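So you know, we letter chains A, B, ... as the sequences are listed, proteins then strands, and number each from 1. Given the structure is predicted, the values throughout are model-derived calculations rather than measurements. Heavy-atom basis, side chains included; hydrogens, waters and symmetry copies ignored.
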There are 2 protein chains.
Amino acid sequence: MEFNLDNIDLAILEKMQANARISNADLARELSMAPSAILERVKKLEQKDVIRRYTTAINPAAIQQKLLAFIFLRSSEGFTCCSDTAAQLAAIPEVQEVHHIAGEDCYLVKVRTTDASSLMSLMRSKMQKIPNIASTKTTIVLETVKEQPDLVIPKT
Amino acid sequence: MEFNLDNIDLAILEKMQANARISNADLARELSMAPSAILERVKKLEQKDVIRRYTTAINPAAIQQKLLAFIFLRSSEGFTCCSDTAAQLAAIPEVQEVHHIAGEDCYLVKVRTTDASSLMSLMRSKMQKIPNIASTKTTIVLETVKEQPDLVIPKT
DNA sequence: ACTGAAAGTGGCGGACA
DNA sequence: TGTCCGCCACTTTCAGT
């Protein structure tokens, strides 16, 4: 698909990535354009799926989500089942990310829970029930140094 | 630190996590409270660092960021150097996440670039210059099934 | 595509319960 | 704290260029 973004679009994305709650008027001022013109561009970026959503980054510690783990899942079957297995993993709310990866391990999953025991009960109650999972390898995060979903916006 | 969030705070977080650009008036309506009361709570959540930031999720494909990789970095030294090594990794804009992990591998890094060759040049130009990196193991993502930073908000 | 004007609405400060 | 009120600023639409 072609998105065809010009410099103004990229500038909008950069500002809104840094602060999703910036007012349309402020955005227009900073880019020296009329508010209505900016509004029109933002709407188009939304409908073209360039802008996926606006979200609030919450401090995980504030709501007792202290444990972060990455789990490598090995699938026992070929390609037919994979999409279904992935969908079931993705349906778990505590699962933030599901990636199909190259190499022997089939999936990489990012999970957030309150503590180690709740992770274990999650794996027992939900993950073990998903068919075709041959093995799991869990990596516990001791400390997160950086965690920002920001993309590098190309200049010009 | 104590955050002491009540049900209303949690409801605010849930709504704002789903849509950071919701108007304060809409938020107040959905929670059946006065707009100014909600505004005051939101400000406090921001200053208590419960709300970290408001950000826009951009489609990576729209700005030619098609490659996603996870890199396991093994550090050759003990604890003294680690924080500095991590800081240098975190300073790289293409690096979205840096986690200190349990096990033999010291760090897990999430990186986004345009393609495989740009990842290689990034590793050569920036990562290899960071001292105390003994080895790296790179995992390429073939397909991302789910990628949402949403936290599970506890009910009540 | 961008500008500019016009009408409706929300943001935000103050006084009060 | 939460509510009510009032002014100003912002959003949003529409016609024009």
OG of A/Ser75 to CD1 of A/Ile130, rounded to nearest 0.5 Å, is 10.5 Å
If we ignore hydrogens and angles and just use 3.5 Å, is the side chain of A/Lys110 paired with the main-chain N or O of A/Ala69 as donor and acceptor? no
Would you call B/Asp26-B/Arg21 a salt bridge at under 4.0 Å N-O? no
Identify whether the distance between the nearest side-chain nitrogen and carboxylate oxygen of A/Asp115 and A/Lys66 falls below 4.0 Å. no
Outermost DNA chain D nucleotides near chain B [under 4.0 Å, heavy atoms]: D/dT1 to D/dC4
For DNA chain C, what residues of residues 23-51 of chain B have any heavy atom nearer than 4.0 Å? B/Ser23, B/Asn24, B/Ala25, B/Arg29, B/Leu39
Any sub-3.5 Å donor-acceptor pair from A/Lys137's side-chain atoms to A/Ile71's backbone N or O? no
Determine, step by step, whether A/Arg74 and A/Ile133 satisfy the side chain to side chain contact (heavy atoms under 4.5 Å, CB included) criterion, reporting the C-alpha distance in whole Å, the side-chain angles of both residues, the deciding distance to 0.1 Å, and the verdict. CA-CA 6 Å; A/Arg74 196 171 296 195; A/Ile133 292 180; over 6 Å; no
Between B/Arg112 and B/Glu147, does any side-chain N to carboxylate O distance fall below 4.0 Å? yes
Apply the test side chain to side chain contact (heavy atoms under 4.5 Å, CB included) to residues B/Ile12 and B/Gln17: give CA-CA distance (whole Å), side-chain angles for both, the deciding distance (0.1 Å), then the verdict. CA-CA 8 Å; B/Ile12 291 172; B/Gln17 178 171 250; over 6 Å; no
Going 5' to 3' along DNA chain C, which are the first and last nucleotides with any atom under 4.0 Å from a heavy atom of chain A? C/dA1 to C/dG4
Is the shortest side-chain heavy-atom distance between A/Val111 and A/Met123 below 4.5 Å? no
How about A/Phe70 and A/Tyr107: are their ring centroids closer than 6.0 Å? no
